[in-house]
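Here is the structure we will look at.
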Amino acid sequence: MKEKTRMSRRIVSVLAAFALVVAVAAWVVFTGGSFGGAEPDAQADSRAAGQTAITPRPRTLTVFAAASLIEAFTDLGAQFEAAHEGVNVQFNFAGSQRLRAQLEQGARSDVFASANVREMAAAVAVGIVAADAPVAFARNRLVVIFPADNPGGIRALGDLARPGLKLDVADPSVPVGQYTLSMFDKMGRDPAYGETFRAGALANVVSREENVKAVVTKVALGEADAGVVYVSDVTPQAAPHLGTVEIPDRFNQIATYPVAVVRRPAEPDLGRQFVAFILSEAGQQTLAAHGLIPVDGQ
Amino acid sequence: MTRIAARRDGPRVTLRPASLWALAAPLLALLLLPLVALLLRTPPGTLTLALHEPGTRQAIALSLGTSLLTVLLALVCGTPLAYLLARRRPAGVALLEVLVDLPTVLPPAVAGLALLMAFGRRGVLGGLLASVGIEVAFTTAAVVMAQTFVAIPYYVKSAAVGLAGVSHELEQAAALDGASPWQIFRYVVAPLARRGIAGGLALCWARALGEFGATIIFAGNFPGRTQTMPLAIYLGFEIDLGQALTLAAIMLAVSFTVLLVIRAALRPQPTEG
């Protein structure tokens with residue numbers, strides 16, 4: 001009998017936990033919907049209405065894009081949707097190496113935008129992308145970031161090697177992590193910094209993040225004293241929480257972003273149109289507005 | 001024990017085993033096939049090669065070390081909690097049980113964020129700790145904390161069920177015979193609750209060993225310090241599939257062996273009542 005009540009109490013507590021979680025989730029969903037959600041909802045409604053009235057078949061364009069492109073591509077996607085009735089652009093943002101691995105394992109996408117040439121070349125090598133498909137559409141630069149209140153006292157690049165500093169970078173498997181390592185190598189070969197700088201900076205690395213946005217978040221949170229990210233990652237939302245140190249051109253790694261329509265896409269026309277839109281003047285302006293460096297004459 | 005024996009004696013199961021197997025087969029296939037596929041796709045000969053790799057050894061050692069620490073924490077701090085939940089039924093026990101259950105429903109990413117907000121350098125408690133020079137984020141301690149957060153409920157719940165099954169009269173009888181509270185626990189309660197405790201430890205260990213989401217958010221990823229096997233496998237997947245498969249196969253073998261050993265240790269002995 002005692003056992004039974006205990007058992008039923010346990011069941012009740014499990015149910016209570018479940019109910020609590022569901023209640024919290026529902027609350028988040030509903031308040032999330034009501035906070036500033038009215039306008040987009042109305043837009044979505046009118047768009048949905050437009051779809052049923054004008055276009056018979058809603059189409060979805062799937063784009064796999066590097067994590068550093070989140071802001072720029074979300075903006076481009078919205079513009080593309082506005083210009084193409086009934087088209088929905090679905091993004092998958094992650095580290096380029098992860099996207100390439102996902103595509104390699106059979107993930108379906110129409111467009112692949114990588115933060116470096118290497119992952120695109122790897123995609124070509126395994127036949128996901130045709131050899132002549134990739135086009136460079138943007139470039140990016142590295143920058144050193146630190147929390148706004150600067151707990152590590154970062155004033156110049158040389159401070160990155162100061163013993164005890166907590167430096168957060170991207171994993172070497174991520175393009176930006178590779179660029180960061182190359183930057184340290186270049187600085188190590190420069191007499192102004194030298195090998196001690198390179199070794200000191202590498203010894204200060206506390207974590208190797210899986211994508212560039214994790215570096216931004218952990219530095220903005222103040223968990224790390226400094227980090228190395230792309231200039232475009234210092235977004236208007238992140239900027240108030242961050243300070244930056246410019247990296248001179250002779251050390252800076254200029255990242256080249258290639259984009260391509262993948263082989264056998266579900267939406268070949270839309271894919272080609274989206275790539276053309278990225279390369280168009282309007283597209284390039286949008287990229288520039290998000291801190292990326294446009295390419296000329298491509 | 002007696003209930004199981006009774007069931008064995010009487011022909012109570014009326015469903016035919018064949019139909020039971022037929023229904024269970026898809027599930028078994030779902031469990032078994034991916035593991036077999038993993039081993040089949042692991043490049044032959046790379047296993048021993050990978051084991052000589054310092055990075056792999058570091059990840060294995062870190063995973064085993066941190067998960068064993070988590071299990072130890074479970075035993076030392078989780079057992080008293082389980083006993084309180086099973087016996088004392090403190091006021092607000094339902095809420096306490098919900099609190100203990102919560103990490104099992106939360107996504108590990110939420111656990112990682114919560115830990116960071118609490119123990120990060122700018123966290124609620126982390127700020128205080130940082131002011132006295134203790135910083136836990138990005139350290140091996142953070143790995144253990146993340147594992148403990150997500151894994152300890154499995155131990156506490158299982159141990160509590162085991163402890164609740166020990167008759168209170170037995171404890172009173174031992175007390176009448178002059179046994180100290182510790183002796184009562186050590187020689188009466190713990191042996192009788194052995195299965196619940198050991199089973200809980202196994203579950204807790206398994207969950208800790210597989211911990212990924214909370215670790216990468218709260219502890220970060222650095223070889224030898226915070227890069228456990230799951231993190232090494234996740235990142236390995238992006239660099240080199242073969243390397244990831246090899247690490248996964250090693251993890252599978254380690255987990256399989258430990259679970260088998262625990263199972264063997266748990267087998268009811270003839271001396272057991």
Side-chain angles (χ1 to χ4, degrees), chain A residues 2-3 5-7 9-22 24-25 94-102 104-105 119 122 126 147 149 151-152 164 166-175 177-178 205-211 214-215 217-218 220-225 241, chain B residues 85-87 89 93-107 110 113 116-117 119-123 126-127 130 135-139 142 153 157 160-161 164-165 167-168 212 215-223 225-227 231-232 234-241 243-244:
Chain A
K2 212 171 161 191
E3 194 58 34
T5 50
R6 198 165 285 150
M7 202 55 201
R9 261 198 216 168
R10 191 157 283 122
I11 289 166
V12 166
S13 73
V14 168
L15 285 178
F18 185 68
L20 185 74
V21 169
V22 170
V24 168
S96 307
Q97 78 292 350
R98 169 146 294 259
L99 297 173
R100 192 260 311 138
Q102 287 172 353
E104 213 175 310
Q105 298 303 314
E119 296 304 336
V126 294
D149 61 349
K166 292 188 174 200
L167 185 59
D168 196 15
V169 299
D171 193 79
S173 63
V174 191
Q178 272 298 328
V205 172
V206 289
S207 183
R208 300 170 174 178
E209 306 299 340
E210 201 258 330
N211 73 62
V215 179
T217 306
K218 286 188 183 176
L221 267 176
E223 291 304 329
D225 296 320
H241 309 286
Chain B
L85 289 177
R87 272 295 145 78
R89 315 295 300 167
V93 71
L95 272 178
L96 204 60
E97 280 176 335
V98 168
L99 179 71
V100 173
D101 283 343
L102 210 47
T104 60
V105 261
L106 285 178
V110 174
L113 267 179
L116 202 57
M117 292 305 117
F119 299 106
R121 199 152 65 159
R122 303 283 168 81
E135 293 187 4
V136 282
F138 303 124
T139 64
K157 284 163 75 177
V161 171
S167 133
H168 196 53
F212 170 77
T215 308
I216 202 164
I217 289 183
F218 179 48
N221 168 58
F222 197 88
R225 207 183 300 151
T226 57
Q227 191 184 75
L231 270 67
Y234 184 73
L235 287 152
F237 169 69
E238 297 161 357
I239 309 165
D240 174 12
L241 185 63
Q243 190 192 337

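Just so it is clear: chains get the letters A, B, ... in the order the sequence lines come, proteins before strands, and each one is counted from 1.
In this structure, chain B has a heavy atom under 4.5 Å from the side chain of A:Q105, while its backbone stays farther away. With a 4.5 angstrom heavy-atom cutoff, A:P147 touches chain B only via side-chain atoms. Interface residue A:D149: only side-chain heavy atoms are found under 4.5 Å from chain B. B:L99 does not touch chain A: none of its heavy atoms, backbone or side chain, sits under 4.5 Å away. Contacts between A:V174 and chain B at a heavy-atom distance below 4.5 Å are absent for every atom of the residue. When heavy atoms are compared at a cutoff of 4.5 Å, B:I217 approaches chain A solely by way of its backbone atoms N, CA, C and O.
Between the CZ atom in B:R121 and the NZ atom in A:K166 there is a gap of 5.5 Å [rounded to 0.5 Å]. Atom CD of A:E223 is separated from atom CG of B:L116 by 4.5 Å, given to the nearest 0.5 angstrom. Put simply, CG on B:L235 and CD on A:Q97 are 8.0 Å apart, with the number rounded to the nearest 0.5 Å.
Taking chain B as the reference chain and counting heavy-atom pairs below 4.5 Å, the highest number among A:K218, A:E119, A:E209, A:R100 is found for A:K218. When each of B:A219, B:G236, B:G126, B:P223 is checked for heavy-atom pairs under 4.5 Å with chain A, B:P223 comes out on top.
Minimum heavy-atom separation, A:S207 to B:F222: N-CD1, 4.2 Å.
With sequence neighbours excluded, the residues that form a side-chain contact (heavy atoms from CB on, under 4.5 Å) with B:T139 are B:V136, B:A141, B:A142. A search for side-chain contact (heavy atoms from CB on, under 4.5 Å) contacts involving B:A244 returns B:F237, not counting sequence neighbours.
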Side chain to side chain contact (heavy atoms under 4.5 Å, CB included) between B:R225 and A:V206, worked out: CA-CA 9 Å; B:R225 207 183 300 151; A:V206 289; 4.2 Å; yes

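Looking only at side-chain heavy atoms (C-beta outward), A:L221 and B:R122 stay at 4.5 Å or farther from each other. Side chains of B:Y234 and A:R98 form a contact here, defined as non-hydrogen atoms less than 4.5 Å apart.
When atom types are taken as modelled, the side chain of B:N221 and the backbone of A:R208 share a donor-acceptor pair closer than 3.5 angstrom.
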